[in-house]
> 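Structure below; questions to follow.
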Protein chains: 2
Amino acid sequence: MAHESPTFSPLYRQIKNLIVQALDSGEWLPGQTIPSEQELALRFGVSQGTVRKAVDELAAENILVRRQGKGTFVSTHQDPRAVFRFLRLKAVNGGPVLPKSQPLECLRGKAGQEAARNLGIEPGSQIFIVRRVLKFDGKPVVIDEMYLPGDVFQGLSLEMLKEWQGSLYSLFESRFGVRMVRATEKIRAVSADRAVADVLNVQESTPLLSVERLAYTYGDKPVEWRRGLYSTAEHFYINELS
Amino acid sequence: MAHESPTFSPLYRQIKNLIVQALDSGEWLPGQTIPSEQELALRFGVSQGTVRKAVDELAAENILVRRQGKGTFVSTHQDPRAVFRFLRLKAVNGGPVLPKSQPLECLRGKAGQEAARNLGIEPGSQIFIVRRVLKFDGKPVVIDEMYLPGDVFQGLSLEMLKEWQGSLYSLFESRFGVRMVRATEKIRAVSADRAVADVLNVQESTPLLSVERLAYTYGDKPVEWRRGLYSTAEHFYINELS
DNA sequence: TAGTGGTCTAGACCACTCC
DNA sequence: GAGTGGTCTAGACCACTAG
């Protein structure tokens with residue numbers, strides 16, 4: 001007996017995809033619980049064990065969070081601890097300080113070749129370009145420049161960015177329904193030019209980390225391309241290998 | 001009924017620890033298969049499902065590798081693909097090239113405060129200090145300096161390093177029975193001094209990545225502390241966030 | 001006390017590999 | 001065909017949370 005479905009995959013993976021679709025459609029919002037495993041098993045017509053395996057994988061990917069006795073929750077960037085999920089920066093001395101974002105610019109523009117390729121949109125499409133500084137303990141440490149597809153972030157403005165208390169990704173989540181789920185970063189060492197040096201309060205040509213990030217929402221859809229310049233005088237980028 | 005065992009943990013986690021102990025003791029060597037799930041279940045007196053969950057976790061940590069129909073294998077650094085598990089460097093242009101290690105020095109010394117703290121040994125203990133260059137496509141890209149506990153790596157020499165064809169970690173695995181299982185890296189941007197610039201064939205004060213790594217073997221025991229300087233003119237450090 | 005996820009078991013069948 | 005891991009199910013009991 002051959003597999004008849006065009007895209008064969010194990011049952012639990014199909015269930016996983018159905019759950020992701022429900023998340024993507026907004027059926028369950030960040031911070032809320034999803035139905036219990038029993039309910040999901042009924043809904044999808046499979047055993048609880050199969051649902052469990054699907055949820056296990058989504059929990060391993062930080063898309064869902066299980067809490068014994070309470071239920072399974074949709075991950076949210078509202079949680080302050082979630083900030084360091086995507087910001088791998090630690091202070092050399094002292095404990096973890098929540099960084100504060102200071103927006104500098106929010107421009108409308110058209111996607112160039114590189115931005116279009118990274119974001120999977122047509123060259124010339126509307127995009128937003130956001131520049132901001134991240135301050136730790138009042139000191140500027142990171143300068144970011146972000147490229148965001150215009151259709152997804154309609155209505156974004158500098159005022160909105162300035163008013164928001166919290167992380168950028170929690171803003172994207174609350175106002176635009178865009179939840180960042182995964183990202184890849186390419187890291188290089190570069191030299192600070194005059195303008196960047198002034199903002200980060202370092203000498204010109206100080207070595208900086210250049211961190212280029214492509215961030216994805218549900219279904220591996222890229223929705224943010226950014227480049228950050230990190231001053232590593234008092235901080236370092238931390239990574240776990242296994 | 002209270003838990004009587006001093007360190008309570010779920011059965012599958014106890015099984016996991018027993019498997020790690022067997023690996024640590026050398027009962028099963030890198031590249032070999034471990035007993036089948038049925039055999040392990042019998043040996044430990046638990047169900048196959050419980051063994052499976054233990055093995056699942058070890059496979060997720062890259063300590064074991066499952067191959068359907070063949071069995072479960074102990075991960076090995078002999079596999080050329082394993083090189084990029086701990087070396088997150090990719091060429092900007094062109095495909096993946098296997099780097100070639102060129103050892104420069106292998107010195108005996110005594111652990112200073114920092115090395116001792118990182119390696120969990122007494123200050124003043126015997127250590128080895130190894131320096132080497134990594135070449136991609138014949139071009140020097142990385143210069144590494146490693147600090148290795150003397151008791152673990154007894155007999156290490158420059159000749160041995162020069163003769164070895166393959167990665168450093170595969171040498172450690174074959175000759176010293178030390179298998180690197182996990183590591184943390186702290187990354188900063190620094191400036192090339194004269195000596196480093198000469199080795200890496202770049203201008204003096206070129207920005208470089210400084211990658212400080214602490215690598216662990218089974219049981220979270222640190223056995224290597226190293227610092228690498230990466231030239232990122234034609235390469236970048238890649239990282240996945242989730 | 002009821003409901004949730006967490007653990008553990010037992011057994012069936014499938015998919016892959018090797019002989 | 002025999003043996004391995006991979007999937008799926010069903011059911012029991014435990015641990016945690018909340019009302």
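Everything quoted here is computed from the prediction, not taken from an experiment. First the proteins, then the strands, lettered A, B, ... as listed; each starts at 1.
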> Classify every nucleotide of nucleotides 6-12 of chain D by which part a protein heavy atom approaches to under 4.0 Å, writing B for the base, S for the sugar-phosphate alone and - for neither, in 5'-to-3' order.
BBSBS--

> Taking a pair as Watson-Crick (N1 to N3 plus N6-O4 or O6-N4) or G-U wobble (N1-O2 and O6-N3), both under 3.5 Å, which stems of 3 or more consecutive pairs involve DNA chain D?
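When the pairs of DNA chain D are grouped into runs of at least three, the stems are C:1-18 with D:1-18.
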
> Within this structure, what is the CG-to-P distance between A:Leu42 and C:dT4, rounded to whole angstrom?
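From A:Leu42 CG to C:dT4 P: 11 Å.
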
> What residue among B:Thr50, B:Asp56, B:Val55 forms side chain to side chain contact (heavy atoms under 4.5 Å, CB included) with B:Arg52?
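Considering B:Thr50, B:Asp56, B:Val55, a side chain to side chain contact (heavy atoms under 4.5 Å, CB included) with B:Arg52 is found only for B:Asp56.
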
> Any side-chain heavy atom of A:Tyr230 within less than 4.5 Å of one from A:His235?
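Contact flag for A:Tyr230/A:His235 side chains = no.
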
> I'd like to know whether the aromatic ring centres of A:Phe172 and A:His77 sit less than 6.0 Å apart in this structure.
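Distance test on ring centres: not under 6.0 Å, no.
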
> Ignoring hydrogens and geometry beyond distance, is a side-chain donor-acceptor pair present between B:Tyr237 and B:Glu185 at under 3.5 Å?
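Looking only at side-chain atoms, B:Glu185 and B:Tyr237 do form a donor-acceptor pair, the distance falling under 3.5 Å.
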
> Quick check on D:dG3: is either OP1 or OP2 less than 4.0 Å from any side-chain nitrogen or oxygen of B:Ser36?
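Result: no.
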
> Give the rounded distance in Å between these two atoms: CG of A:Leu40 and P of C:dG3.
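Whole-Å distance recorded here is 17 Å.
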
> So that I can tick it off, tell me whether A:Arg188 and A:Glu212 are bridged by a salt bridge, with the cut-off set at under 4.0 angstrom between side-chain N and carboxylate O.
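Looking at A:Arg188 together with A:Glu212, the answer is no, because their closest N to O distance does not fall below 4.0 Å.
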
> Looking at D:dC16, I'd like to know if its phosphate oxygens (OP1 or OP2) sit under 4.0 Å from a side-chain N or O belonging to A:Lys70.
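A:Lys70 to D:dC16 OP1/OP2: no side-chain N or O under 4.0 Å.
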
> Is a salt bridge present between B:Asp220 and B:Arg182, judged by a nitrogen-to-oxygen distance below 4.0 Å?
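B:Arg182 and B:Asp220: salt-bridged.
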
> Remember a base hit wins even if backbone is also touched, and classify B:Thr72 as base, sugar-phosphate or nothing at under 4.0 Å, heavy atoms.
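The residue B:Thr72 makes sugar-phosphate contact but no base contact.
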
> Do A:Phe176 and A:Phe153 have ring centres separated by under 6.0 Å?
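Ring-ring flag for A:Phe176/A:Phe153: true, centres closer than 6.0 Å.
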
> Does CD belonging to B:Glu240 count more than 12 external heavy atoms closer than 6.0 Å?
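Yes, the 6.0 Å shell around CD holds more than 12 heavy atoms from other groups.
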
